[in-house]
Structure formats: structure tokens, C-alpha cells
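To start, the structure itself, in C-alpha cells.
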Amino acid sequence: MCEKCEYNFKKLEEKWQPKWREMKLYKTNEDPNKKKFYCLDFFPYPSGNGLSVGHLRNYVPTDVVSRLKRMQGYNVLHPMGWDAFGLPAENFAIKQGVHPAVTTEKNASNYRRQLSLVECSYDWEREINSTDPDYYRWTQWFFLLLYKRGLAYKAAGAQWWCPNCRTILANEQVEQGRCWRCEGLVEKKDLNQWFFKITDYADRLIDDLKLINWPDRIKKMQENWIGKSKGAEVNFRAKSPTTGEEFDLPIFTTRVDTIFGVTFMTLAPEHKLVEKLTHPDNKASVEAYIAESRKKSEIDRLSTEKEKTGVPLGSYAINPFNGEMIPIYIGDYVLAGYGTGAVMAVPAHDERDFAFAKKHNINVIEVITPEGKPQGELKEAYTEYGTLINSAQFNGLRSEQAIEKMIEWLEENKKGCGRINYKFRDWLISRQRYWGAPIPIVHCDCCGTVPVPEDQLPVLLPNISEFKPGTDGKSPLAAITDWVNTTCPKCGKPAKRETDTMDGFACSSWYFLRFVSPKYKEFAFDKEKVKYWAPVDLYVGGAEHAVMHLLYARFWTKVMYDAGLIPFVEPFQQLRNQGMMLAAGGVKMSKSKNNVITPDEMVEKYGADTLRAFILFLGTFELEVSWSDEGIKGMYRFVKRVYDLICEFQGGDEKAEGKEAQNLKKILNYTIKQVTTDIENFSFNTAIARLMELTNAMVDATKKTNLAKTTLWKEVVEKMLLLLAPITPFIAEELWEVTGHKGSVHQQSWPTYDEKALEESNITLPVQVNGKLRDQIELPANVDEATARKAAEASEKVKKYLDGMQVVKFIFVPKRMISFVVKPAK
RNA sequence: GCGAGGAUGGCGGAACUGGUAGACGCGCUAGACUUAGGAUCUAGUGUUUCGCGACGUGCGGGUUCAAGUCCCGCUCUUCGCACCA
């Protein structure tokens with residue numbers, strides 16, 4: 001073998017990378033004559049740790065699909081940018097003692113370098129950065145759009161506060177009572193905060209899930225998070241034991257059919273009417289209970305295991321349906337933030353109420369029965385639907401009908417109404433942190449809350465050195481008096497800027513539109529280009545953003561649609577979530593465990609082609625996989641094997657004939673067919689397995705046949721290189737040149753296969769007797785049933801099992817199998 | 001508790017509308033070439049048996065000529081939500 005043909009990945013990378021850069025291989029322009037394909041990765045935050053090979057499970061597959069689509073003739077938009085605002089970037093900067101703008105730039109360029117190392121085919125001229133004023137100018141513009149449409153508002157209330165990160169968090173960013181970033185316990189804090197009214201879009205966010213090709217899992221997660229439930233609001237009537245004042249006490253229930261079984265009521269300890277409804281005799285115990293539940297950590301309070309506790313207020317409420325007086329309790333298992341913060345309790349038909357009633361000796365009244373007959377004393381709550389009893393005029397109705405009739409009754413008698421409740425809350429976007437897009441609002445003593453006029457955007461983030469969060473619940477920006485003090489855009493009098501910044505998820509709610517015209521000055525995006533490119537056709541990233549980014553971006557898209565800015569309602573047509581990459585042994589890769597594998601070291605050791613192919617081959621795309629040092633060696637062997645094989649055997653002018661030629665042709669066509677559909681279906685591991693099979697068949701042919709000197713061989717090599725191009729771009733390009741082709745392999749058309757070549761004249765058919773495989777016989781592919789049967793019966797191995805037996809059934813599945821069902825003959 | 005997955009050799013994983021289970025790779029075994037090999041090549045590799053064969057896709061039933069695949073009942077496991085009335 002000549003020196004030129006020695007596989008040296010480093011030389012190939014050094015040779016081709018500059019050439020590809022020079023020819024701007026990945027530059028993307030609009031082309032109305034070509035079908036577009038927008039392939040996007042989740043907007044990454046460029047972490048100071050750099051990329052690990054785990055991240056490549058996201059970036060390599062999208063790169064392969066992008067390359068395939070280009071070769072298939074699509075105009076592909078495959079961009080990359082940085083979601084660099086937000087807590088993680090700022091925390092990292094604080095830790096390093098360097099301004100976040102500096103660390104962000106450094107980290108981004110490191111990411112860019114690493115992604116280029118494995119030759120991800122991004123058009124880097126479209127790179128964007130959410131911390132760039134030319135970018136966040138438009139994030140602020142969208143804030144104003146939401147504000148003008150009544151979808152951004154400021155409100156006071158108890159909200160999640162992370163004492164460690166010293167900022168308020170959105171509900172979506174609190175996991176099991178802990179901060180999503182630092183994992184510290186969160187607490188509630190009363191602050192005046194900015195919200196986006198995402199709840200206005202609840203129904204559309206659920207309904208439009210039908211329009212998109214996303215994993216069911218993610219759709220379900222969003223649906224559950226939104227938590228739509230249909231029920232009724234019922235006004236109980238209560239009277240203050242101290243003032244004698246009477247008022248409505250509304251509750252929300254999904255089971256109004258059980259209302260004749262209500263024997264008590266529970267309010268959240270934070271409920272506004274608790275004080276008015278507390279009898280002087282109960283005051284001490286009620287206050288003690290409230291103090292106690294305040295003290296409990298949110299984790300304790302959220303625990304479902306915990307016993308349901310509560311104390312009576314000493315007052316009563318009247319059930320509008322039957323005029324019964326029922327005692328009112330407070331209990332911390334009732335959530336202040338859901339429904340009305342008060343529940344009617346039906347021990348007979350709710351597990352919690354049942355337990356509570358048993359403990360406090362409260363009546364249990366059965367009103368729903370499975371069979372229409374009372375069950376007598378209940379040992380546990382019966383929570384299913386059933387037939388009503390003990391319910392006056394509603395007796396005998398099924399729960400479903402009863403709910404309808406009772407809501408009608410409520411509405412006629414003005415005692416309540418049908419109501420829909422949602423579990424999710426409005427999106428809280430205020431952050432008391434420095435590193436974010438400033439909220440473009442001015443507070444004026446005369447004019448109140450005044451939006452910054454669009455032509456004054458961006459409201460620049462001042463460049464300061466003291467950006468650590470304060471302890472006073474205020475953003476560090478509040479201390480920059482030069483910046484805070486401004487004039488009111490409306491009346492011109494002195495006014496103060498809003499000092500909170502926006503949640504980083506605001507930036508990522510529209511970034512996919514910026515890529516279509518990243519340098520556009522007139523607006524956030526060029527509307528014509530959006531029409532061409534958007535929405536995103538394929539969106540790939542981790543599943544952890546199911547109810548954060550993916551929900552927020554859908555919400556903003558709908559707002560933009562309503563404002564007439566874009567012609568579609570869903571941003572991401574198809575979504576795919578890659579599985580996690582664990583370290584060898586199935587443990588998480590982490591810096592602290594010192595088991596992180598970087599692309600840098602693997603590219604150095606095995607080359608980019610091997611690393612790319614191995615990432616794809618490791619396992620099923622969606623599932624978790626573990627890194628394997630041995631495995632990547634195997635992939636290196638494959639890459640080298642292909643390289644050596646094609647260097648050595650490049651075909652000739654002889655004509656390929658005979659069975660072996662036919663067979664190789666068949667394998668080639670089968671490989672083209674499978675690799676194409678496998679990549680399209682994200683089954684990258686089997687695509688590579690098929691390429692390995694083709695390689696094995698070729699190696700075999702070099703040993704056993706003369707095919708390597710034929711024109712067929714030339715065709716096989718050429719098509720194989722095209723199939724390899726998206727996966728192993730370097731050897732594909734080098735071998736393309738070595739085999740005498742002109743131009744870049746990456747600018748060729750994807751090969752097509754010949755369906756006829758896949759058909760075989762002869763096939764091997766399994767023969768079963770009573771479901772057991774007994775022989776395999778070779779027959780013409782289009783053999784008819786009678787001939788097949790005769791051939792099968794002629795087989796010695798089969799005969800053995802047919803002798804002395806009576807064939808009760810014969811099954812022939814063309815191209816599949818032959819099967820006899822027999823029983824002993826008499 | 002609710003929701004969505006997963007369970008197949010020593011390991012990662014294949015298997016289309018039910019139709020030869022274990023593709024492909026790793027590892028392992030033997031051999032070849034080598035001063036050597038953790039390089040490369042060849043052969044083998046689900047269990048069991050000398051062999052014919054028998055048994056094998058988490059467990060227990062069922063449907064079928066035929067089940068990893070379909071149905072019923074479980075176990076374990078991963079993830080998300082979690083007192084939502």
C-alpha cells in the first residue's frame with residue numbers, strides 16, 4: 001500500500017477543513033426554486049465546561065439529517081447560536097470573578113471550535129447571541145408587544161424565591177420544591193413581579209398539540225402541566241361569627257354530583273376569609289395552625305404521604321342545594337393558588353376527605369352508588385362515577401348527567417356556574433438578576449407604568465462590575481442610579497427604570513425566527529424570509545425543556561400569529577428528543593466524578609469521522625446510552641477498513657457477471673434503501689450497521705471474486721461514498737477525490753436505488769411442521785403454492801416429520817414460509 | 001396516586017403489517033502473520049447435548065399453524081407531574 005493511502009485522519013482533517021471553509025460549503029441562501037428544510041438544535045447555553053461527547057448526541061444527528069437533506073436537493077437552514085443570558089451564565093461569571101459578557105464570549109467561541117472539530121455543517125455567518133443588544137432589542141420589543149396586547153402585567157403575590165440565587169423563579173423552574181439551577185430549597189416571598197399571561201392561551205396550547213409531530217410523551221407532559229379540568233363553582237353561604245356579616249364562599253369542584261354528601265368544608269390557611277370566619281373560641285388554635293404551616297418547608301407541605309391535618313374555625317357554611325350547615329376547617333392540604341382556595345369535602349367519595357372525616361368524627365353521607373343501591377357503611381371512599389342517591393330531585397341520575405343538571409340548577413338559581421380551571425399559572429418573568437434583558441418599562445410618579453417607546457430600544461444593560469445579586473430582593477441594577485434615573489417618555493418628568501430583567505426563556509422564545517435574517521435591522525426578522533424558512537421542520541434537543549422552553553416558545557408563536565407577524569401557529573413541526581449519554585458503567589458524566597469525555601480528546605485520538613459514527617452507532621437515538629472506550633475502537637476499525645478497502649480496490653473496466661455480481665448489486669441497492677429510510681427515521685445505528693454489512697460483503701468479494709476489477713465495483717464504491725458522506729464527511733471526501741471524482745462529495749445528489757435489483761430469483765424458505773422449523777429450502781421467489789408444497793414434502797428432513805402423519809392444514813406465505821400442521825394418522 | 005417509557009446472549013443493541021429471534025458492533029475463544037502486539041487477518045461464539053434434538057425475548061395465563069410482536073393478569077425499573085378538590 002502506498003503512503004498516500006495510509007489512513008491518517010489528522011491529515012484529512014487538516015486538508016479538507018480549510019478547503020470547505022474557503023468554498024463556503026455550508027453557506028445558506030434563500031432559493032425560491034428549492035424546497036426548504038429548517039433543521040434546528042435547541043438553543044444552547046455555552047457553558048464554561050465546554051461540550052462533552054454527550055452533547056454530540058444532539059448535534060451530530062441533526063448534522064447528518066441536514067447533510068442528507070442537502071444531498072436530496074433541499075435548501076437546508078441549519079444554524080447555531082447562543083442562549084447566553086440567564087442564571088447559569090451569570091453564576092459561572094460570578095464564580096470566575098469575570099464579567100458575564102467576557103465569559104460568554106469565551107465560552108461561545110470554545111463551543112464553536114468544538115462543533116467545528118466534528119464538522120457540524122452550520123452556516124456560521126448566521127450565528128446569533130441573545131446577549132447582543134441587536135438581539136435583545138427585539139426581545140424587549142416582544143415584551144412591549146405582549147404588554148400592548150394585555151399579556152404582560154405586574155402583580156403582587158407570594159412567589160417562589162431562591163435564596164441561593166437570590167431571585168424569583170417561574171413555577172416551571174421549581175422542581176420538587178427546589179431551584180432548577182442550584183437545586184437549593186426555594187421559599188415563598190411576597191414581591192411585585194412581571195408576568196406573561198400564558199393562561200390566556202391554555203386551550204390553544206392544548207388543542208394545537210394535534211397539529212404537530214412531537215413525541216406523545218412531551219405532548220402529555222404539556223397537557224398535564226396545563227392541567228385543564230372541568231367542573232363547577234358553587235357559592236356556599238357563610239356568616240362571620242364575630243361581625244355577623246354574610247357573604248359567599250365559593251368553592252371549585254369537578255364532582256358537583258356529590259354535593260349532597262358534603263359534610264364539611266376546608267379552606268387553605270392563606271384564604272382571605274379565614275380571619276372573618278374564625279370564632280373567638282377557636283382563635284388561638286387557628287392562629288397556631290397557620291403559624292405551624294408557615295414554618296413547614298414547601299417539601300413537607302407538598303408531600304402526599306403526609307397526614308391531612310386541619311383545625312375547625314368554629315363557623316359554618318350553608319350548602320345551597322339543601323340548606324345544610326356544615327363546619328368550616330382550615331387545612332394546609334388545600335392549595336391557596338388553585339381554584340378558589342377552598343374545597344367542599346365529601347368524605348364518602350374522596351379519599352382525603354374520608355380520612356379527615358374519620359379522624360375528626362365527621363358524618364359520612366353516601367350519595368353515589370355503583371349499582372343504584374346504597375353500599376351501607378363505607379370502609380373507604382367510593383370515588384368512581386355512579387348513580388345518585390340521597391340527592392333530592394337528582395336521585396337516580398348518573399354522575400355525568402347529574403353534573404350537567406346541577407350546573408344548570410346553579411346557574412338558574414345564581415348560586416354558581418360551570419367553570420374550567422387550569423393547574424398552570426401565568427409565566428413569571430421578573431428576575432432580580434443582572435445578566436438578562438432589561439424589562440423596557442419606566443415607572444413615573446405621574447403616569448404610572450410607562451412602556452419605553454419602540455424607537456428608544458434597546459434599553460441597554462449597563463456595563464457594571466458589581467453584578468452579584470443583592471440580598472434585598474432587588475436586582476443589582478437598582479443600585480446603578482445613573483441608569484435607574486431617567487425621564488418619563490410620556491411627561492418628561494424624572495422617572496425610574498424597571499430594574500428587573502427578563503427570564504432567559506424570553507430570549508429563547510423567538511430565536512428560531514432570528515436565524516432567517518440574523519443581521520436584519522428593521523425588525524426582529526425579515527417577514528418574507530420567515531415565510532420561506534419557518535416554521536422549523538425538525539427540532540432536536542433534550543426532553544428536560546418539555547414544560548419550559550417548548551411551552552413558552554409555542555405561546556409566543558401564537559401571540560405573534562395573533563399580531564399578524566407570522567403566518568403559522570406552531571413553531572416546531574417535528575420534535576425529537578435524544579437520550580442521555582452516560583459515562584461507562586451507566587453513571588452520569590460529571591466534572592466532580594472526573595469521568596467527562598470531551599470531543600477534543602476523542603477527535604485527537606480517533607478522528608472526527610470515527611467519533612461521529614460512533615455517537616450515532618452507540619444506541620437507539622431516544623434512549624439513554626453509556627460511553628464505551630472499547631466501542632469507539634471498533635468504530636475506528638470500521639472507518640479504517642472502509643478507507644483501506646477503497647484505496648486498494650477502485651474497480652476496473654471488466655464487466656461484472658454471475659451470481660456474485662447479482663448479489664453485490666442487491667446488497668448495494670438494499671443498503672441505499674435502508675440507509676435512506678433509517679436516517680430519515682432517526683435510526684442511525686441501523687444505518688451504520690447496513691453500511692458495515694455492505695463493507696463486509698465488499699471485503700468478502702475482494703477475496704472470493706474478481707468483482708473488484710469491474711465496472712460494477714466502481715458503481716458500488718461511488719454510491720457507498722455518497723451514503724457515507726453525511727456520516728463520515730472526511731473519508732467520504734478524500735476517497736471521492738482518490739477515486740477520481742470531481743467536485744465535493746457533499747455537493748452531489750443522494751443515490752437512488754433500483755427496486756428491481758432487490759428482487760431475487762431464488763430465495764430460501766423456511767419449512768415448519770407444527771410450528772417448528774425443520775428445514776430451509778431454496779426455491780424461485782415467485783414459486784406457486786403447489787410447487788412449494790411438493791418441494792417441501794420432498795425434503796428428507798421434513799419427510800421425517802410427515803411420515804405416518806395426516807396433514808390437517810398447509811400454509812404457504814409467498815416469500816415468507818411454508819408450514820405444515822399435522823396430526824397422527826389413524 | 002396520575003401520565004409516558006423500558007425489560008431480548010457476557011455487553012450495547014437488531015427484528016417490516018405476527019412468519020428462520022439475536023442483524024451490526026463490543027467482548028471472548030482458537031488459529032495465522034509477527035521479535036512482539038493492546039496492530040491486522042481467518043474461524044467460532046444464546047443455553048444445553050458427543051450428536052439427533054430440546055430449551056430460549058422479565059413472570060403467569062390465553063389467542064394462533066406460527067407470538068419478542070396480539071389479548072388478560074402481575075413483577076421489576078426509568079422518567080415526568082404530584083394533596084389540583
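Quick caveat, the model's predicted, so the values are computed rather than measured. Every chain is numbered from 1 and lettered A, B, ... according to where its sequence line falls, protein lines coming before strand lines.
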Item to check | Ion pair A/E793/A/K799, N-O distance below 4.0 Å | outcome: no

Next on the checklist: For A/E624, run the side chain to side chain contact (heavy atoms under 4.5 Å, CB included) check against A/M580, A/Q578, A/R57 and tell me which one passes.
Outcome noted: A/M580

Checklist outcome for this item: Per atom distances to the A/V699 side chain, the nearest of B/U42, B/G19, B/A85 is B/U42

Checklist entry - Should the pair A/E175-A/R178 be classified as a salt bridge under the 4.0 Å nitrogen-to-oxygen rule? => result no

Next on the checklist: Salt bridge or not between A/K704 and A/D700? Use side-chain N to carboxylate O under 4.0 Å.
Outcome noted: yes

Checklist entry - Hey, is the side chain of A/K423 poking within less than 4.0 Å of OP1 or OP2 on B/C84, counting only N and O atoms? => result no

Item to check | Closest to side chain of A/K703, choosing from B/C83, B/C41, B/G80 | outcome: B/C41

Next on the checklist: With rounding to the closest Å, how many angstrom separate the P atoms on B/G1 and B/C74?
Outcome noted: 13 Å

Next on the checklist: Please give the distance between the C1' atoms of B/C76 and B/C65 as a whole number of Å.
Outcome noted: 34 Å

Next on the checklist: For a quick check of understanding: with a heavy-atom distance under 4.0 Å over all strands, which category does A/M817 fall into, base, sugar-phosphate or nothing?
Outcome noted: base

Next on the checklist: Considering every strand and a 4.0 Å limit on heavy-atom distances, what is the contact class for A/G634: base, sugar-phosphate, or nothing?
Outcome noted: sugar-phosphate

Item to check | Same-atom distance (P) from B/U47 to B/G56, integer angstrom | outcome: 16 Å

Checklist entry - Hey, is B/G53 sitting syn or anti, using the within-90° cutoff around 0? => result anti

Checklist outcome for this item: Quick note, A/E630 side chain, CB onward, closest among B/C26, B/A85, B/G12 is B/C26

Checklist entry - Distance check: side-chain N/O of A/K772 vs OP1/OP2 of B/C52, anything under 4.0 Å? => result no

Checklist entry - At under 4.0 Å between heavy atoms, what does A/Q776 touch on the DNA or RNA strands: base, sugar-phosphate, or nothing? => result base

Checklist outcome for this item: Comparing nearest nucleotides in RNA chain B, the 5'-proximal residue of the pair A/R774, A/P766 is A/P766

Next on the checklist: Can you identify which nucleotide, out of B/C24, B/A85, B/A66, has its nearest atom closest to the A/T254 side chain?
Outcome noted: B/A85

Next on the checklist: Looking at every non-hydrogen atom in both residues, tell me the closest pair between A/T309 and A/D332 and how far apart they are.
Outcome noted: OG1-OD1, 3.8 Å

Checklist entry - How is A/R641 classified with respect to the nucleic acid when contacts are heavy atoms under 4.0 Å: base, sugar-phosphate, or nothing? => result sugar-phosphate

Checklist entry - Is the base of B/C16 touched by the side chain of A/R816 through a donor-acceptor pair closer than 3.5 angstrom? => result yes

Checklist entry - Given the P atoms of B/U42 and B/C52, what is the spacing between them in whole Å? => result 27 Å

Checklist entry - Considering only the P atoms, how many Å lie between B/C59 and B/U75, rounded to the nearest integer? => result 15 Å

Checklist entry - Roughly how far apart, to the nearest Å, are B/G22 and B/C72 at atom C1'? => result 28 Å

Checklist entry - Out of B/G53, B/C84, B/G13, which has the shortest distance to the side chain of A/L335? => result B/C84

Checklist entry - Which is true for A/S626 with a 4.0 Å heavy-atom rule: it touches a base, it touches only sugar-phosphate, or it touches nothing? => result nothing

Checklist entry - Counting any heavy atom closer than 4.0 Å, what does A/I811 reach on the DNA or RNA strands: base, sugar-phosphate only, or nothing? => result base

Checklist entry - Looking only at side-chain N and O atoms, does A/N685 come under 4.0 Å of OP1 or OP2 in B/A14? => result yes

Checklist entry - Mind checking the C1' distance from B/A36 to B/A32? Whole angstroms is fine. => result 15 Å

Checklist entry - When we call it a touch if two heavy atoms are under 4.0 Å apart, what does A/N421 touch: a base, just sugar-phosphate, or nothing? => result nothing

Checklist entry - Under a 4.0 Å N-O cut-off, is there an ion pair linking A/D644 with A/K640? => result yes

